[in-house]
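One structure below.
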2 protein chains.
Amino acid sequence: MAEKRKITLKDIARELKLSPSTVSRALNGYASLSEETIRQVKEYAEKHSYVPNALAVNFRKNRTSIIGLIVPEIVHHFFSTTISGALETAKKHGYHVLVAQSGDILSGEVFACRTMLGLGVDGLLISISNETVEGDHIQDFLEEGKPVVQFDKITDQLVTPKVVVDDFNGAYEAVNHLISEGYRKIAHLSGRMEVKNAHERFLGYKKAVEDHGLDFREDWVKNCSAISEQEGYDFTKQLMESANPPDAIFCITDLVALGAMNYLKSARYEVPGQVGLMGFSNWMLSEYTSPNLSSVDQHGFEMGQKATELLIELIKNHDLGDNETVVMKTDLMIRQSSLGK
Amino acid sequence: MAEKRKITLKDIARELKLSPSTVSRALNGYASLSEETIRQVKEYAEKHSYVPNALAVNFRKNRTSIIGLIVPEIVHHFFSTTISGALETAKKHGYHVLVAQSGDILSGEVFACRTMLGLGVDGLLISISNETVEGDHIQDFLEEGKPVVQFDKITDQLVTPKVVVDDFNGAYEAVNHLISEGYRKIAHLSGRMEVKNAHERFLGYKKAVEDHGLDFREDWVKNCSAISEQEGYDFTKQLMESANPPDAIFCITDLVALGAMNYLKSARYEVPGQVGLMGFSNWMLSEYTSPNLSSVDQHGFEMGQKATELLIELIKNHDLGDNETVVMKTDLMIRQSSLGK
DNA sequence: TTGAAAGCGATACCAT
DNA sequence: ATGGTATCGCTTTCAA
């Protein structure tokens, strides 16, 4: 394994009969040096393709230019979109991104936080797991002076900047749309109410229903604790077979909506028409179902960008930030499944 | 910003009236130390929650425990699955993963390679871009003694271990299946032939067709250079409106197959029956289209795991590996779109 | 079994 | 404008 020994700053100094400090300054452009020296050093460095040892620089400067990014699950269209945005922004500012997934469980998140902190990331972007409540493991970053920005799935227990989607309003608009298309008996397949996003969407749903003087019925709200397609299928079956079947369903997520759609199709309901259907998240697949699934786009890419911008700014300012929350607008993606009754 | 000063190894040594070397040894379990000393040091370290400065350790040991991972596009079900597998395996072995996307263009890949090399990753996992030919930027890793493992999209120009999917056989089986279901006039929406995976799938398709004594017609093979849904739609239209319309289409990718399916549905062809359809990749969405799309599963997760295992082993053995290629089996996912004629 | 000390490579303070 | 040198925190010979 031929490993060519890399040239160091000291080597350059020795060869050029300069001091290491001078070479360092010439390369980094600090202080006052003669044009001639700078030229000479740069030329030599270029010629011998000198590359500073990042490990040494990081060590000395006590920073890594690495951002930690923790999401519940990478294999999830929304989160991968989010990551994509984060990568792009990080790259633009000369940062690298270390990615980890918590698997949506607390232990996974704690482990990821610990190892990232141990490695010395400069800051953390995190979308917390379903199980996270206290967040001491995240607090640890702040105590070491490393900024944290939460996004999408957040907790108010931690004082950090946050970037969230306007779940309430997104849900409100989605349900409004169903109503404007003529649906009147609107059910909601929700998530666990302890999860903030789920709760907000529920509240948006409820408000829209009430604002239009429609029935709000507890038994039209079903809790999908796993947010799975299966639950969408099962609860929809349950709703449609009940004494008071709804004529539209607003689902916490596209996946749940797919389950709902699959049941409705198998039971020969017309979608849209007999039953209107709305998802949330605008997964890629919603464009391709039949009928196409109407949904609410969360702009994951922009969200990742925004969170990363905030974080990098904090890192640069040696600031931990405060409790500010950036709320990203959603976009109603009207396709077929929600069209006129 | 209250930043509590972290305790160092020297601090422990001073407090315990030991030398730094002893403390280091006690903590790392090397050499022969008295039980008592070890206990004492560990206890003190624990009590003051000592965490070794990773930057210093990395610098000293000249390694980072970070693996670089470059894929064309994160927002792509197959690649995110792959990443997920890589993360899992890396975690198991105490490694971190720095993720970057090339955007499927050469310049993006070169940039990612450079920054990762500059940062000092211990090794590289890469699925190359469509534009990559020479691969000097990847060769740079090898020249610095850092192992590289290529996966999925690879080039034979570089002598590194590779993990690929058995595209040829996957395609062969897929087409066989269509034939066994009674289809006889099988077209292929292919990718660019310079891309190895695309070429292999084409060859598998061709072999299956020929092995059964069916017609192989050049005009039934269409090149989707962008591998887009639109191309799937357009070429399918073109095929079906031609003088010799096929009765089945094997698509290079599920996305292309979706385009094909959308055209066929809009033109009122029966799928399956009148036209059989097979995709490749087994995207999540293929389960949810209507009809469900038959596809070929590439086991992305296992692929990410395998590539990462190989890489970590090389890193640990200070080995660059050779040209070995691990071929992962594919799985035929038979759903509705390819069923009997 | 333990200690002393020499670095790893780059930076930055203090001189000159 | 440039040099000398301590230093970051840890590991690892070499000695004792």
Side-chain angles (χ1 to χ4, degrees), chain A residues 3-42 44-45 48-65 94 117-122 144-146, chain B residues 3-42 44-45 48-65 94 117-122 144-145 318:
Chain A
E3 186 169 342
K4 67 180 170 196
R5 203 183 114 44
K6 287 204 285 186
I7 176 179
T8 73
L9 193 147
K10 277 181 189 165
D11 295 332
I12 302 184
R14 186 166 9 80
E15 291 304 315
L16 261 38
K17 304 207 188 311
L18 288 170
S19 79
S21 21
T22 305
V23 176
S24 170
R25 284 184 282 231
L27 259 19
N28 293 296
Y30 295 142
S32 45
L33 288 187
S34 76
E35 290 285 329
E36 170 58 12
T37 309
I38 294 180
R39 195 195 51 70
Q40 191 190 7
V41 170
K42 287 203 167 164
Y44 188 95
H48 296 76
S49 60
Y50 164 76
V51 181
N53 180 323
L55 266 51
V57 177
N58 288 344
F59 171 49
R60 183 60 229 253
K61 294 198 173 165
N62 194 34
R63 58 138 179 76
T64 52
S65 301
L117 202 50
L119 192 81
V121 297
D122 291 347
E144 286 206 19
K146 302 188 187 288
Chain B
E3 187 170 340
K4 66 180 170 196
R5 205 181 111 47
K6 287 205 283 186
I7 176 178
T8 74
L9 193 146
K10 277 182 190 165
D11 295 333
I12 302 184
R14 187 168 6 83
E15 290 304 315
L16 259 38
K17 303 205 188 316
L18 289 170
S19 77
S21 25
T22 305
V23 177
S24 170
R25 284 184 283 235
L27 257 20
N28 293 296
Y30 296 142
S32 47
L33 289 186
S34 76
E35 289 286 328
E36 172 57 14
T37 310
I38 294 179
R39 195 196 50 70
Q40 192 189 5
V41 170
K42 287 203 166 162
Y44 189 94
H48 296 75
S49 59
Y50 164 74
V51 181
N53 179 323
L55 267 49
V57 177
N58 288 345
F59 170 50
R60 183 58 230 257
K61 295 198 172 165
N62 194 33
R63 60 138 178 77
T64 52
S65 301
L117 201 51
L119 193 81
V121 297
D122 291 347
E144 288 207 17
H318 295 277

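A, B, ... follow the sequence lines: proteins, then strands. Residue 1 opens every chain.
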Taking [atom1] from [X] and [atom2] from [N], how many angstroms apart are they, rounded to a whole number?
X	N	atom1	atom2	result
A:K61	D:dG9	NZ	P	17 Å
B:N58	C:dG9	CG	P	14 Å
B:R14	D:dG9	CZ	C1'	13 Å
A:L9	C:dA12	CG	P	12 Å

So which heavy atom on [X] is nearest to which on [Y], and how close?
X	Y	value
A:Y44	A:I7	CE2-CD1, 3.8 Å
B:V57	B:P52	CG2-CB, 4.4 Å
B:S19	B:A13	C-CB, 3.8 Å
B:Y50	B:I12	CG-CD1, 3.8 Å

### Separation between NE2 of A:H48 and CG of A:D11, rounded to the nearest 0.5 Å
9.5 Å
According to a strict under-4.0 Å criterion, is [X] in side-chain N/O contact with OP1 or OP2 of [N]?
X	N	result
A:S19	D:dG3	yes
B:Y50	D:dG9	no
A:T37	D:dT2	yes

### Message
Classify A:L55 by what it touches in the nucleic acid, base, sugar-phosphate, or nothing, heavy-atom distance under 4.0 Å.
### Response
nothing
### B:E35 atom CD, over 12 foreign heavy atoms within 6.0 Å
no
Grab the N/O contacts between the protein and nucleotides 6-8 of chain D below 3.5 Å, and write none if there aren't any.
unit_1: D:dT7; atom_1: O2; unit_2: A:R60; atom_2: NH1; d: 3.2

Pairwise N/O distances under 3.5 Å, protein to nucleotides 13-16 of chain C:
unit_1: C:dC13; atom_1: N4; unit_2: A:R25; atom_2: NH1; d: 3.4

### Message
In dot-bracket form, 5' to 3', how is DNA chain D paired? Count Watson-Crick and G-U wobble pairs only if both distances fall under 3.5 Å, and write | where the partner sits on another strand.
### Response
||||||||||||||||
